[in-house]
Visitor: 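Below is the structure I would like to discuss, written out as structure tokens.
Computed from heavy atoms alone, side chains included, the values below leave out hydrogens, waters and symmetry copies. Source: prediction; values computed, not measured.
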Amino acid sequence: MAELAIEQLTKSFDGTEVLKALSLNIADDEFVAVLGPSGSGKSTLFHLIGGLYEPDTGTILLGGENIKGQKGSVSYMPQSPSLLPWRTVLDNVLLGAEIAGHKDQQAAIQMMEKAGLAGYEQSYPHQLSGGMKQRAAFIRSLLSPQPLILLDEPFSALDEFTRSEMQKWLLDIWQHNKRSILFVTHNIEEALFLADRILVLSEKPARVVAEFKVGFARPRAEDITLTEEFLQYKKDIYKVLKKGTGE
Amino acid sequence: MAELAIEQLTKSFDGTEVLKALSLNIADDEFVAVLGPSGSGKSTLFHLIGGLYEPDTGTILLGGENIKGQKGSVSYMPQSPSLLPWRTVLDNVLLGAEIAGHKDQQAAIQMMEKAGLAGYEQSYPHQLSGGMKQRAAFIRSLLSPQPLILLDEPFSALDEFTRSEMQKWLLDIWQHNKRSILFVTHNIEEALFLADRILVLSEKPARVVAEFKVGFARPRAEDITLTEEFLQYKKDIYKVLKKGTGE
Amino acid sequence: TEEAENPGSDVANEQQELQEVTMVLDWTPNTNHTGLYVAQQKGYFEEQGLDVEIILPGEAGANQLVASNQAEFGIGAQESLTEARVQDIPIVSIAALIQHNTSGFASPKDKGIESPSDYEGKTYGGWGAPVEKAVLGSIMEQEAADVENVDIVNIGNSDFFTAVERDIDFAWIYYGWTGIEAELRGDELNMQYLTDYSDKLDYYTPILMTNENLIAEDPETVRAFTKAVSQGYEFAIDEPEQAAEILIEAVPDLDPELVKASQEWLSPKYQDDAAKFGEQQEQVWADYAAWMFDNGLLDEELDVEQAYTNEFLPEEEN
Amino acid sequence: MIMRKGWRPVLVLILLLIIWQVLVPLFEVPEWLLPTPYQIGVEAINSWPNYSGHLFATIRLSILGFLIGSSIGLGVAIILHLVPKLRETFYPLLILSQNIPIIVLAPLLVIWFGFGLLPKLIIIILVCFFPITIAALDGFRQTSGELLHYMKMAGADRRQIFWKLEWPHAMPSIFSGLKIAATYSVMGAVISEWLGAQEGIGVYMTLASSSFRTTQVFVAILLIMCLSMLFFAAIVLLEKRVIRWKTSGGGNSNG
Amino acid sequence: MIMRKGWRPVLVLILLLIIWQVLVPLFEVPEWLLPTPYQIGVEAINSWPNYSGHLFATIRLSILGFLIGSSIGLGVAIILHLVPKLRETFYPLLILSQNIPIIVLAPLLVIWFGFGLLPKLIIIILVCFFPITIAALDGFRQTSGELLHYMKMAGADRRQIFWKLEWPHAMPSIFSGLKIAATYSVMGAVISEWLGAQEGIGVYMTLASSSFRTTQVFVAILLIMCLSMLFFAAIVLLEKRVIRWKTSGGGNSNG
Ligand SMILES: Nc1ncnc2c1ncn2[C@@H]1O[C@H](COP(=O)(O)OP(=O)(O)OP(=O)(O)O)[C@@H](O)[C@H]1O
Ligand SMILES: Nc1ncnc2c1ncn2[C@@H]1O[C@H](COP(=O)(O)OP(=O)(O)OP(=O)(O)O)[C@@H](O)[C@H]1O
Ligand SMILES: [Mg+2]
Ligand SMILES: [Mg+2]
């Protein structure tokens with residue numbers, strides 16, 4: 001069970017509030033995107049869910065269980081690739097699964113191929129380009145077995161095509177092998193194309209200022225991005241974001 | 001003088017060709033964007049111009065002078081922020097200027113304010129969010145005095161609004177204080193909005209497969225992104241990119 | 001001692017079981033020790049039913065090793081044994097290896113030090129013990145010289161030859177080793193023997209020692225050991241050249257020239273004017289202890305009776 | 001900080017002392033072999049006037065030696081790092097320098113420099129400089145490739161790369177070396193005093209040992225240990241003041 | 001690699017030897033004070049049968065001591081790192097352990113453990129373990145915060161964080177410590193032989209020294225140095241084999 005329920009989460013660093021009474025819910029197998037200005041507290045929210053920090057106040061329930069300060073209950077892709085420099089790319093990609101205790105080398109090799117990393121299995125991270133590192137980190141999170149996946153700007157360093165391929169692949173995986181996904185992005189179209197629901201965060205201290213249910217049918221075809229409805233969503237979200245940032 | 005002339009640049013790593021006979025020119029005070037698939041060799045191109053590696057063959061002339069393997073002739077913003085962890089943000093931002101020997105603390109503080117980093121002067125990099133680090137690295141490159149600036153995906157970690165503010169600010173600085181700029185991005189709209197000319201690179205080994213002169217008048221208003229011409233450019237570039245990636 | 005506890009385990013040897021005994025030297029092997037190596041080589045120990053292992057003391061120091069029974073026997077000197085006994089360390093001298101003190105203050109001839117009165121204004125190199133100043137003062141007193149006019153410098157681990165190359169004018173040496181080495185090198189020395197200036201300073205050095213415990217519990221072993229050692233030294237007295245060869249063979253890393261010359265010089269001095277080898281006199285112990293006490297070198301007076309014994313020396317002369 | 005955390009080792013130390021105090025009479029270990037902490041303490045208090053001069057002499061000697069030794073160690077590391085050819089050439093010789101036994105060096109030093117301060121300093125320096133050089137060299141070499149690339153692209157010359165990147169990066173390693181060296185410097189001073197000195201803990205200890213005053217020998221050890229601890233603590237304090245940025249990161253890995 | 005680069009230090013060494021060879025007769029330094037390299041070489045060749053036994057004894061002793069010492073050093077570092085409370089408690093005591101002078105320890109060790117292998121090993125271990133423990137502890141602590149955060153978020157438990165992150169990260173530091181320890185282990189063995197041994201370079205050297213045979217003393221030093229160099233080279237080779245990923249990065253900073 002992977003319903004996430006966050007209530008009244010507050011967190012400050014050195015006296016500055018970063019999250020203030022933030023509440024959100026993710027249903028089982030739901031795909032939720034988070035938008036918000038840079039520095040608003042999105043990564044911090046992920047760190048709290050992942051148990052890296054304890055919130056000052058508030059509760060975090062995963063499948064009804066309190067996971068406050070409890071690590072290992074989510075699969076996580078950090079904003080910076082964070083690959084271990086002494087491991088080959090293949091070993092890096094397997095790290096998340098290794099930690100959780102399920103290691104499937106075959107699946108990893110296949111996934112690397114899909115992500116355009118075939119031939120780099122035995123390379124070291126410093127031999128990869130920025131986007132390739134990001135894809136490796138992405139695969140690493142997909143190979144981790146936890147039912148809730150947190151993705152922090154997973155495709156920011158990818159070109160449009162690679163990005164759209166990765167998006168489709170992610171949807172594919174998600175549809176075949178249902179898990180809940182929380183997805184930070186700065187790209188409104190990406191959020192619309194992928195998510196069931198979009199949460200917009202305010203500037204620091206972050207709260208949820210708006211929520212959009214995205215009604216497109218699944219599986220989604222690429223051409224929905226050209227529909228009127230899509231553009232309308234985009235404009236609405238843009239407006240909310242603008243207000244949030246302009247304040 | 002900051003005309004950059006690159007001829008027949010070839011570079012391989014461990015036997016794999018990354019750049020193959022790549023040639024390009026940047027006129028004095030020109031703003032050129034580079035698009036290309038992830039892993040094609042954009043960052044490598046920058047490293048060659050910056051003198052970090054020597055190309056296998058080819059020439060790199062800056063203002064008529066051969067700068068092959070010669071460091072310090074360009075101002076550079078790397079793809080990952082690369083801030084020194086033991087320096088405060090302010091000292092980090094000043095690093096490029098410090099190396100070149102011109103340090104202007106006042107200008108740095110003003111720029112940080114403009115980039116939304118006011119109040120973080122005395123923080124350390126690990127206290128910043130991903131996007132904030134990127135902005136710090138961006139300021140660092142702006143504060144470096146060299147006449148040619150290389151920006152490697154400078155705004156990839158920023159939300160739409162911060163990104164568009166940074167874009168406008170960059171154009172502003174560029175217009176008031178003319179320098180040549182070479183700019184890697186994965187965002188076609190960004191390239192169109194900013195650049196005089198757009199170069200599209202092929203997949204590895206990279207060559208220039210297409211070149212677009214962007215004819216919008218300067219200074220550019222934000223609403224050009226809604227013009228028919230803009231959309232047409234976008235479609236054309238998209239097509240070229242698609243072909244390049246599809247091969 | 002471990003093997004002695006389970007006799008007949010893997011001893012296919014004929015004869016009776018040998019008792020294992022450890023003997024610790026005071027320094028590296030030299031001609032002071034010749035008799036021990038002779039006794040070992042010639043089988044005198046074996047005749048007494050002993051299997052003796054001779055070891056170097058290293059940093060541990062022979063006195064403590066003997067006192068704590070890590071070694072049954074050791075080589076010591078009257079001065080340190082006196083100090084040790086005053087600190088309640090239970091070691092006992094059972095034989096004097098050399099009857100008269102062969103040590104003295106040596107200096108290269110060109111320093112022009114002919115007698116203790118010449119020490120004034122010179123630099124003495126020692127190891128920083130209070131006894132040095134006391135001894136110097138004692139013999140300089142005879143010539144109405146004042147030890148306060150001697151510059152005493154600690155030369156630590158440096159040897160005599162090194163020290164006198166620089167800064168140092170004279171130092172305290174055993175003639176039988178360092179002095180002989182100088183002869184071999186052709187360096188001429190001026191030497192003032194302690195014995196020439198004060199009878200009180202004619203103490204026994206080196207001596208053979210054991211601990212009180214062994215004397216109380218196993219006097220037979222002590223007697224046997226002492227007997228073999230006496231035989232060894234008597235051989236060395238009679239046959240200096242052969243004895244030297246034995247030492248060289250036992251410790252091949254020594255300089256044969258030095259050993260031979262030293263042995264020749266030292267052999268007559270082991271027994272010297274004593275009635276028999278190893279004999280010690282109460283007078284010598286008492287005088288020296290009194291001298292030390294008077295000079296503030298001891299915290300309390302020595303119980304002389306406890307410090308030495310002639311009891312284990314062999315009765316009959318061979 | 002140190003004060004607050006200090007109680008734990010102090011507690012263990014006290015516990016050890018108590019065990020020692022209890023076991024010695026239990027096994028009937030004589031005082032000349034191993035005195036009890038109580039006896040040592042009493043002796044330490046009573047003979048303060050006897051050894052205070054020695055103590056200060058050793059403190060002076062070891063501080064001086066440590067300062068010179070670590071400066072030389074750092075200097076050597078910097079030069080070897082900046083000039084790779086020198087490094088290839090002299091690195092193996094550095095190791096050799098650690099293997100000249102004092103017993104051999106001593107006479108040579110005495111011949112060349114007499115019995116003054118210099119030969120003693122040389123010994124302390126020899127002991128101190130090596131851990132610092134090795135640690136600093138390793139620290140300089142392990143800068144992150146990414147940061148190095150940036151510095152080079154930005155046109156930093158060798159000196160700038162060194163002072164702005166490699167030097168601050170190596171700070172933790174250097175402090176690691178300094179800690180080892182500080183610990184060794186006191187022992188180095190004591191050993192160097194065996195070379196021939198008028199005063200110092202080394203002299204005090206030799207005298208005590210040669211007249212079988214074991215309790216005094218242990219007082220000397222006590223002094224040596226306290227001194228080393230003080231030196232070490234001083235380096236740790238300095239490290240805390242110098243390396244401030246590492247507040248987060250690996251430090252509090254209480255996972 | 002080492003072979004190819006090795007010519008430089010060898011050259012300098014040869015140069016030094018030549019200078020030495022020339023200066024000694026020039027200043028009329030007598031052989032008993034400082035023999036020439038030629039005399040040492042001749043002696044080394046001629047007395048091979050005399051010292052070969054000693055040499056092998058020392059090699060065995062120092063290898064054994066180094067292996068045990070560095071295992072203990074690593075073990076201690078790991079335990080202290082994983083249990084912060086133990087670390088706070090015992091870290092200061094570690095430093096104390098480096099300040100027990102051998103002169104005091106020697107009689108105690110011999111009295112407790114006799115003249116066998118054990119007391120000698122204890123001394124080498126005491127010498128070897130400290131640099132490794134300090135270096136490893138510092139290495140463990142300096143992992144990058146970013147990677148640590150990832151590991152924690154991914155649910156790595158303390159053991160996994162240690163083995164997958166801190167341990168590989170500390171590898172270079174550990175090798176730095178191993179290098180220092182390897183260098184010290186030979187000296188440690190020689191010192192431990194002064195504790196009372198029947199054979200070993202230490203014994204050979206003491207004998208030579210006490211019979212004023214300076215040339216043989218220098219042969220002993222030569223042997224000690226060669227041994228240490230060999231040990232050091234072995235560690236460097238091992239490091240090259242183990243740490244393979246650092247091909248780029250700071251290594252070739254020939255900027
Ligand atoms: N360890 C820390 N110590 C102090 N302040 C911190 C720390 N981590 C984050 N912050 C602050 O918290 C705020 C939110 O940071 P966070 O990384 O969550 O932003 P974000 O929404 O992920 O931004 P971005 O889109 O740029 O990644 C920032 O102002 C940052 O300075
Ligand atoms: N140091 C290196 N050693 C080996 N291969 C390398 C090295 N650096 C880059 N490469 C290879 O060169 C190719 C181009 O890398 P580069 O970083 O230039 O790509 P890029 O165009 O910047 O991609 P991205 O958009 O993902 O940042 C990649 O295939 C990468 O694996
Ligand atoms: Mg973030
Ligand atoms: Mg790149």
Side-chain angles (χ1 to χ4, degrees), chain A residues 13-14 16 18 34-44 78-81 115-117 119-120 123 126-135 152-153 155-166 184-189 191 200-201 203-204 206 234 237-238 241-246, chain B residues 13-14 16 18 34-44 78-81 115-117 119-120 123 126-135 152-153 155-166 184-189 191 200-201 203-204 206 234 237-238 241-246:
Chain A
F13 284 112
D14 314 323
T16 338
V18 174
V34 177
L35 287 169
S38 167
S40 60
K42 303 178 295 297
S43 301
T44 305
Q79 193 169 359
S80 69
L117 295 177
Y120 289 93
S123 302
H126 73 262
Q127 299 173 309
L128 300 188
S129 81
M132 288 158 83
K133 283 183 208 161
Q134 199 169 45
R135 281 175 271 164
D152 200 347
E153 306 186 25
F155 305 139
S156 63
L158 302 183
D159 62 290
E160 302 255 352
F161 286 93
T162 318
R163 178 191 279 251
S164 105
E165 252 165 58
M166 291 295 115
V184 168
T185 180
H186 287 309
N187 190 317
I188 302 175
E189 295 189 22
V200 181
L201 296 193
E203 280 215 309
K204 196 175 64 164
K234 201 173 152 186
I237 294 173
Y238 197 82
L241 265 174
K242 189 161 189 173
K243 224 170 77 195
T245 325
Chain B
F13 286 110
D14 316 321
T16 340
V18 174
V34 177
L35 287 168
S38 168
S40 59
K42 302 179 296 297
S43 301
T44 305
Q79 193 167 1
S80 70
L117 295 177
Y120 288 93
S123 302
H126 72 261
Q127 298 174 311
L128 301 188
S129 81
M132 290 158 82
K133 282 183 209 161
Q134 201 170 43
R135 281 175 273 162
D152 200 346
E153 306 187 24
F155 306 138
S156 63
L158 302 183
D159 61 289
E160 302 255 353
F161 286 94
T162 316
R163 180 193 277 252
S164 105
E165 252 165 60
M166 292 293 116
V184 168
T185 180
H186 288 310
N187 189 315
I188 302 175
E189 296 189 22
V200 180
L201 297 192
E203 279 213 310
K204 198 175 64 166
K234 200 173 152 184
I237 294 173
Y238 197 82
L241 265 173
K242 188 160 191 171
K243 224 169 80 195
T245 326

Visitor: Of the backbone (N, CA, C, O) and the side chain (C-beta and beyond), which part of Asp14(B) lies under 4.5 Å from a heavy atom of chain A, both, or neither?
Guide: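 Interface part for Asp14(B): side chain.
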Visitor: Going by side-chain contact (heavy atoms from CB on, under 4.5 Å), name the residues that satisfy it together with Thr185(B), two or more places apart in sequence or in a different chain.
Guide: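 Expected list: Leu35(B), Phe183(B), Asn187(B), Glu190(B), Ala191(B).
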Visitor: Nearest 0.5 Å, what's the CD-CD distance between Gln79(B) and Gln134(A)?
Guide: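 These two atoms lie 9.0 Å from each other.
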Visitor: Going by the rule side-chain contact (heavy atoms from CB on, under 4.5 Å), which residues pair with Glu160(B) if we only count those two or more places apart in sequence or in a different chain?
Guide: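 Once residues adjacent in sequence are excluded, the partners of Glu160(B) under the side-chain contact (heavy atoms from CB on, under 4.5 Å) criterion are Ile188(A), Tyr238(A).
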Visitor: Taking side chain as everything from C-beta outward and backbone as N, CA, C, O, which of these in Ser156(B) sits under 4.5 Å from a heavy atom of chain A? Side chain, backbone, both or neither.
Guide: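 Contact with chain A involves both backbone and side-chain atoms of Ser156(B).
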Visitor: Working to the nearest 0.5 angstrom, can you tell me the gap between Leu158(B) CG and Glu153(A) CD?
Guide: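 So the gap between those two atoms works out to 8.5 Å.
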Visitor: By a 4.5 Å heavy-atom criterion (distance strictly below it), what part of Tyr120(B) contacts chain A: side chain, backbone, both, or neither?
Guide: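 Contact with chain A is through the side chain of Tyr120(B) alone.
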Visitor: Do Gln127(B) and Phe13(A) make a side-chain contact, defined as non-hydrogen atoms from C-beta onward lying under 4.5 Å apart?
Guide: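 No, side chains not in contact.
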Visitor: Would you say Arg163(B) and Ser38(A) are linked by a side-chain donor-acceptor pair, where the criterion is simply a distance under 3.5 Å?
Guide: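 No, no side-chain donor-acceptor contact under 3.5 Å.
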Visitor: So which of Ser40(A), Ala157(A), Pro81(A), Ser129(A) has the biggest tally of heavy-atom pairs under 4.5 Å with chain B?
Guide: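 Sorted descending by pairs with chain B, the first entry is Ala157(A).
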